[in-house]
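Written out below as structure tokens is the structure these notes cover.
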Amino acid sequence: MTRRFLGLRISPLTERRLRNFKANKRGFVSLWLFLFLFGLSLFAELIANDKPLVVHYDGTLYFPFVITYPETAFGGDFETEADYRDPVVKELIDAKGWMVWPAIPYSYRTINYDLEVPAPAPPSSDNWLGTDDQGRDVLARLIYGLRLSVLFGLVLTFFSSIIGIAAGAVQGFFGGWLDLGFQRFIEVWSGLPQLFLLIILASVIEPSFWLLLGLLLLFSWMSLVDVVRAEFLRVRNYDYIRAARALGVRDTTIIVRHALPNAMVSALTFLPFILNGSITTLTALDFLGFGLPPGSPSLGELLQQGKANLQAPWLGFTGFFVIALMLSLMIFVGEAVRDAFDPRKLLAR
């Protein structure tokens, strides 16, 4: 008997898997905590920004965090973008209106020129987690860096999973010389020193988000090939696959509609761990200085600053605890997903 969940029909098997996932309390709580933290980072511009959320000036509402306004719009002299942290601009706006600032009045690239001590400054009421050696707010960079790292990991996991599942499906379904040749290629390709090649390529070519994603995608797709290949090698000899072939069903239809659902069970259990590895790789490259362009909000760059500024322990501790928390949450979620798809627990319950 099928039931409905959030308007969707779910089968009894799916219902048992959801129940097993919820039974792993640590993984279930970790999923919600991860979604909460990642959801907050998606609204980083509303939480940490050097521009007001709303400006009311001379009876008109302005939204500087979305739209760029010149200084002349508020009675200034210059046609360039208004610097809302400038005391002159503040006085002009306060004279005929008001401003609503986000909770953290700094963006990831904003430099605090009003520090009472040399940078890196310790935590204070103005900078809750202190500043880095360039005077930028650590908490603001942490929020933006968390969003960038998770989005990078999600995109890399998505594309590497598509390529890995497709490669494993072709190998396992057709077998023969195609499977043998592909396996020899994977053995050679996986034997290459990935980290050194990435460092060499990143030092020759100016890195960017999409370029770095493409470089990591060259190697990350192999993580799911063996699992999917083994499932297809097992499934292709089943009677219903043979019957479909005997009826003249196309190979692509058999792969997508009949064999792939069986392989996806084992592939889904690996996705949280692949996401973990993607975030870790990006953090390591940023720590070594071969990752995202300089100035980008990055967890690895925060760790590198902690290493370079041992007299400022808040930099290293902040980066370590945030990375350890996010990776631990993903590991716990992966364990819960593994329990949800474990056939022994399905039968036991």
Side-chain angles (χ1 to χ4, degrees), residues 3 5-6 8 10 13-44 46-48 103 128-129 138-161 164-165 216 220 223-224 227 264-287 297-300 302-303 306 314 316-349:
R3 298 186 180 182
F5 178 74
L6 298 178
L8 301 175
I10 60 174
L13 178 60
T14 304
E15 184 181 359
R16 288 195 297 270
R17 287 172 176 170
L18 290 174
R19 190 163 57 245
N20 284 345
F21 181 84
K22 294 179 181 179
N24 191 320
K25 299 297 183 182
R26 184 173 60 184
F28 185 67
V29 173
S30 298
L31 175 63
W32 283 107
L33 184 57
F34 173 80
L35 293 177
F36 174 74
L37 295 176
F38 179 54
L40 284 181
S41 67
L42 292 178
F43 300 95
L46 299 176
I47 301 174
W128 297 349
L129 293 180
V138 172
L139 183 56
R141 292 186 63 80
L142 187 64
I143 296 173
Y144 283 89
L146 177 63
R147 179 178 66 179
L148 183 62
S149 298
V150 175
L151 287 177
F152 183 91
L154 289 174
V155 175
L156 181 59
T157 302
F158 176 76
F159 285 109
S160 60
S161 299
I165 291 174
L216 293 177
S220 61
S223 55
L224 283 177
V227 178
M264 287 302 296
V265 172
S266 57
L268 286 175
T269 60
F270 277 84
L271 291 184
F273 302 101
I274 297 176
L275 176 60
N276 232 351
S278 302
I279 296 175
T280 304
T281 304
L282 177 64
T283 303
L285 290 176
D286 288 333
F287 177 78
S298 169
L299 300 179
L302 183 60
L303 288 178
W314 57 88
F317 283 133
T318 300
F320 169 76
F321 283 118
V322 171
I323 294 175
L325 174 63
M326 297 304 297
L327 297 184
S328 299
L329 292 178
M330 293 309 303
I331 289 294
F332 296 152
V333 172
E335 292 177 352
V337 173
R338 182 188 60 193
D339 292 344
F341 287 95
D342 190 349
R344 293 171 299 179
K345 294 194 174 184
L346 289 175
L347 293 175
R349 288 182 175 275

Using every non-hydrogen atom in the two residues, find where [X] and [Y] come nearest and quote the distance to one decimal.
X      : Y      : result
Arg338 : Thr269 : CA-CG2, 4.0 Å
Phe21  : Val333 : CE1-O, 4.2 Å
Ala324 : Ser328 : O-OG, 2.6 Å
Asp286 : Ser298 : OD2-OG, 2.6 Å

Phe270 atom CZ: more than 12 heavy-atom contacts under 6.0 Å: no

Partner of Ile274 by side chain to side chain contact (heavy atoms under 4.5 Å, CB included), out of Leu224, Ile279, Leu156: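 In the set Leu224, Ile279, Leu156, the residue that makes a side chain to side chain contact (heavy atoms under 4.5 Å, CB included) with Ile274 is Leu224.
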
Qualifying residue, where the test is side chain to side chain contact (heavy atoms under 4.5 Å, CB included) with Ile323 and the options are Thr283, Thr318, Leu146, Thr280: Thr283

Spacing of [X] atom [atom1] and [Y] atom [atom2] [to the nearest 0.5 Å]:
X      : Y      : atom1 : atom2 : result
Ser41  : Leu151 : OG    : CG    : 7.0 Å
Leu299 : Leu142 : CG    : CG    : 6.5 Å
Arg141 : Leu148 : CZ    : CG    : 10.5 Å

Sequence neighbours excluded, every pair satisfying salt bridge (charged side-chain N to carboxylate O under 4.0 Å, His left out) that has a member inside residues 272-281: none

Pairs meeting criterion salt bridge (charged side-chain N to carboxylate O under 4.0 Å, His left out) with involvement of residues 23-37, two or more places apart: Arg26-Glu335

Side chain Asn276, main chain Leu327, donor-acceptor under 3.5 Å: yes

Parallel, tilted or perpendicular: ring planes of Phe34 versus Phe38, cut at 30 and 60 degrees: parallel

Where at least one partner belongs to residues 142-152, residue pairs that pass side chain to side chain donor-acceptor pair (under 3.5 Å), sequence neighbours excluded: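 Output for this query lists Glu45-Arg147.
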
Sub-4.5 Å side-chain heavy-atom contact between Ser161 and Leu271: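 Of all side-chain heavy-atom pairs linking Leu271 with Ser161, at least one is under 4.5 Å.
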
